[in-house]
Amino acid sequence: MSLLNINALKLSIGAAEILHDVSLSVDAGQITAVIGESGSGKSMTAYCVNQLLPRGARAEGKVQFNRQNMLTLDESTLCQMRGTDIGMVFQEPMTALNPVQTIGAQVAETVLIHGAARKVEALKIARETLNRVGLPEAQFPLSRYPHELSGGQRQRVVIAMAIALRPKLLIADEPTTALDVTTQAQIMDLLKRLVQEDGMGLFLISHDLGVVADVADHIVIMRKGKVVEQGATAHIFKHMLHPYTKALFKASSHKPDRAAQPQNTPILEVKNLIRDYALPRKSLVGSVPTFRAVNNVSFTLKKGESLGLVGESGCGKSTLTRAILGLEAIQGGSISINGQEVQAGHTIPRALRRNMQVVFQDPYGSFNPRHKVARLVSEPFHLLSTPPKGPARKAAISEVLTAVGMHPEDADKYIHEFSGGQRQRIAIARALIIKPELIILDEAVSALDVSIRAQILDLLAELSDKLGLSYLFISHDLSVVRAITDRVMVMKSGEIVEEGATEAIFQTPQHDYTRALLAAAPSLEDLMQ
Amino acid sequence: MKRAFKMPGFTIGFILAFTFAAAALISFIWSPFGTDGVDIVNKLHTPDATNWFGTDHLGRDIFSMIMVGARTSIAVAIVAVGIGVLLGVPLGLAAAARKGSLLDEVIMRGNDLIFAFPALLIAILITAVFGPSAINAIIAIGIFNIPVFARLSRGGALSLWTRDFVLAARVSGKSRVRISFEHILPNITNLLIVQGTIQFSLGILAEAALSYIGLGAQPPIPSWGRMLADSQTMVSFAPHLALFPGLAIVLTVLGLNLMGDALRDLFDPKLRRDRQ
Amino acid sequence: MLIFTLKRLLSLGLSLIAASVAIFFVVEIIPGDPARLMLGINATQDAVDALRTQMGLDQGLLSRYWLWVSGLLQGDFGISYTYRVPVAEMVQGRVWVSLPLALYALLLSTAIAFPIGIIAAAKRGSWADWLVMGGTQLGVAIPNFWFAMIMVSILALKYHLFSAGGFPGWDEPLAALKALTLPAVVLALPQASILARVMRSSLLDTLSEDFMRTARAKGRTARGAMVHHALRNAMIPVLTIIGLQFSFLLAGAIIIEKIFFLPGLGSMIFTAITQRDLIVVESVVMLLVFAVILVTFLVDITYAMVDPRLRRRA
């Protein structure tokens, strides 16, 4: 008998049926990973276990935990079980903690609610638990507030709250998705260690096969509210019976074919670039303190080349992007576009700007919801001294929409009528319309599901072959960068720590930080061999 | 618009507000008795078939006076909201476009300063200086609307300035002024409409209060607040004098607030998700 | 926290200076010579000139502003043009009617709004919620002076439950409190309606936050999560409104005092306006603005106590 047995679980919210006949199990001391793209119903399955479902949700079937059917228990019994028998870790550590309470109080709360100890004792347990999850007393006293901690540290606090009473089952809903690669690996290691130490079962939810593949004992693949395949991890990797599983694996390690050869003329040259931010004043007197987000960065991007820029959040890669695009003034160094140099203190002239366009990460926030696609896509025409008008403009819009795999008729629609992947195509169309030579892709595929991501990468490869485009490809995702770039730069704390041909860097990294990054990043290819 | 009328709150609110707006408009060409017909013989009549809402201490028809009074209320409130929107929104947009600059600082501190004065106190100060009149009431209420709209549009604009579509517009070389009008303003109109409805109802309340204490519209211009002030000494023996103008205020304000609330629910994407 | 408090104090000082400048110059625009006004049309030019010198009116704008402000700082509000007595004396007795009235109303408004706002949020969509939402919608729409008129005619004149007006003074605390009760209720009702709505929507916002789900996952009951996690977080916007309400209540008190014949600052300012006794208007307005700015300062400090994130920023 497994610790948790879900049998023929159905769930509907209002009129919509979210889960159809889901069955899976979690054993004590084992990790069961549930994988699926957004909307697959993987999180809802987890919420059925501890019965924290949204209003109006109705579940049928059996969720056997500890020989009890969770679906038939009353609310007060469920409250007793949550926190003591079943712990839960959430995706978004930045908002999962109460901002106005200390971390000590919040961890001790788990103990206090269940009357497991008195206040002094509860604080002692909180202390021990925080030590266990890697937050030692010296740097992390109980009196710290959540806003004083980083994302990874907060996730450790959330884990501490969940395991304070040593539950039998821990549910982790995308526990590392919001975190950087190196932090991600540390949190996975922590969860794995806790499972071994306490012998609890871990119900791990993720959209990323790579992240869970080397920790999970069992893998369950879900799609559109159904389980399409499940089994022991090694077994799944070897056999992969269901076509969706195969597609998912293929898409996760997708590598587009690229033919373009970089030429020797540089399109973009950055020399000793410096970008300082003013910080809020600490005292009323004295000068305004500054933070150097980009420190003395130099690099060259050649025509037809695809250059990757890799780094974790806060390393300065977004600031660098904005500086290159001329959105923010630089405090030192210079930026040359097509051989024309712009020094610090000057703005980039329009004639140069038209050589660069950008594609952003969020396909939902990149467009003004009140404009039609034609107007959205043609916005960069503003950079031209004589923008096309009338039929010429219409033809240009049709041409560029066709180029990214959309229909010319889409020009008359509003953006909300399109899916995330389609929007990202439209964003690329907007970048292409004035025929720039360089496109900056700022985490342009990071928000997309793996199958869509593979399609967009193919499109980017095809466009660069056809139009001889140069890409500056910024991402935190190493596998994507490896798939699409010729050369890669690794950025840390505002500086480029390593630079070189992509394959060389991935095979023989020189800098310690690059090694750490690569070690932390999950690679499916290694696992499948 | 169709979706709005599916909400009972909006429909009720719209009917109430529309009734009073219509009464104000109709009063320009027709009202049962007019408001200048002093007829002492027929003073203090209780409501009957001739004088639907009765007559006041000078024998004037209260129904007619409420119709004409709606004019004053609505005109004062509309102009006051207009002042707030026309001055407040550009200030708020400018402050957001240059966040953290001296301009932003000056605008925001100016707002705080006006907020430090209770609206009624501004009105009192202004009437103390320029003498009581409807125009001065409008200015007093309008001044207080400026920081309301400035703050609202700055707040809304600030969250939009961090959005990628605004960055995309900047990459396309558009100026901050142009972006403010092309991308920011259309996306905060919902906020402005909701707040406008609420300020409109507050304006009607404020006008009534100012007229009531004699600092608003001056006789012979009929206004609801003024009618209430006149009725004060006669409430005990002629309660209808106070009842109808009071109800007129309550129903108009209620109607506008119901509309505002319904619109807020309609525009709020978070609530919309809840409903689905 | 210390730096935060100091910064807030600095901004309090700056606001006061700005407000005093604004008030001073608005009153300066007024045509007419106060000295001439005080002495009447029949006074000789010499007498008027003498009074102008005595009042400091012959000096430049800046030095007159300085004279006024430094006077205020020492509790010297100037001399009333009409009554020829120090404004400070006139104000003294009246402040102790207006201020307690506003505070009383604020207390009532909070005491009414909190429970009904919380109930409405906790039982969202229930009949209790509908009742609260409907009732508060009406409460916001009723002009308080009209409500006051009705209350006076029903409760005081017909049933003699409360005094219809007047104020016995604080020598008889109970009678004084009784005299202020009806005015305070009238003042508080619309504000309580607004506050209850803010409380409800703020709580609803907080209830949908991620950390509420975390609390439930720890084993908190729905009610326990509300009490231990939602309330304190929901207080942040509610505090803003309470701060703003104080200013509304002070101003609203001006009208309500008139209806209930209370000898507060309101009736004084009215008389002063009709008599064009501008120094009284100027000083009373400044006093009220000072009270509002002070309350804003207190609200800011309370903010920082509720929300640890603000202590560092500011």
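Order of the sequence lines fixes the chain letters, A, B, ..., with proteins taken first and strands second; residue numbering starts at 1 for each chain.
When only modelled atom types and interatomic distance are considered, Thr206(C) and Asn233(C) share no side-chain donor-acceptor pair under 3.5 Å. With no hydrogens or angles considered, no side-chain donor-acceptor pair links Gln106(A) and His229(C) at under 3.5 Å.
Against chain C, no residue from residues 120-135 of chain A qualifies, as none has a non-hydrogen atom under 4.5 angstrom away. Near-neighbour residues of residues 94-105 of chain A relative to chain C, defined by a heavy atom under 4.5 Å from a heavy atom of that chain, comprise Thr95(A), Ala96(A), Leu97(A), Asn98(A), Pro99(A), Val100(A), Gln101(A). Within residues 67-83 of chain A, the residues approaching chain C closer than 4.5 Å by heavy atoms are, in numerical order, Glu75(A), Cys79(A), Arg82(A), Gly83(A). Residue-level contacts of residues 215-228 of chain C with chain A, in order of numbering, are Arg216(C), Ala217(C), Lys218(C), Gly219(C), Arg220(C), Thr221(C), His228(C); threshold 4.5 Å between heavy atoms.
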Under the side chain to side chain contact (heavy atoms under 4.5 Å, CB included) rule, what do Cys48(A) and Leu11(A) come out as? Steps first, then yes or no, please. CA-CA 8 Å; Cys48(A) 281; Leu11(A) 178 78; 4.0 Å; yes
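Neither the backbone nor the side chain of Ile171(A) comes within contact range of chain C; no heavy atoms are under 4.5 Å apart.
Between Asp129(C) and Met133(C) the shortest side-chain heavy-atom distance falls below 4.5 Å.
The 12-atom threshold is exceeded at CZ of Phe90(A), counting heavy atoms of other residues, nucleotides or ligands nearer than 6.0 Å. Counting non-hydrogen atoms of other residues, nucleotides and ligands closer than 6.0 Å to CZ of Phe290(C) gives a total of 12 or fewer. Under a cut-off of 6.0 angstrom, the local environment of CG in Leu73(C) is crowded, with over 12 non-hydrogen atoms contributed by other residues, nucleotides or ligands.
Taking Glu209(C), Arg232(C), Arg213(C) one by one and counting their heavy-atom pairs under 4.5 Å with chain A, the maximum is reached by Arg213(C).
Under the 30°/60° scheme for interplanar angles, the aromatic rings of Trp68(C) and Tyr65(C) are found to be tilted.
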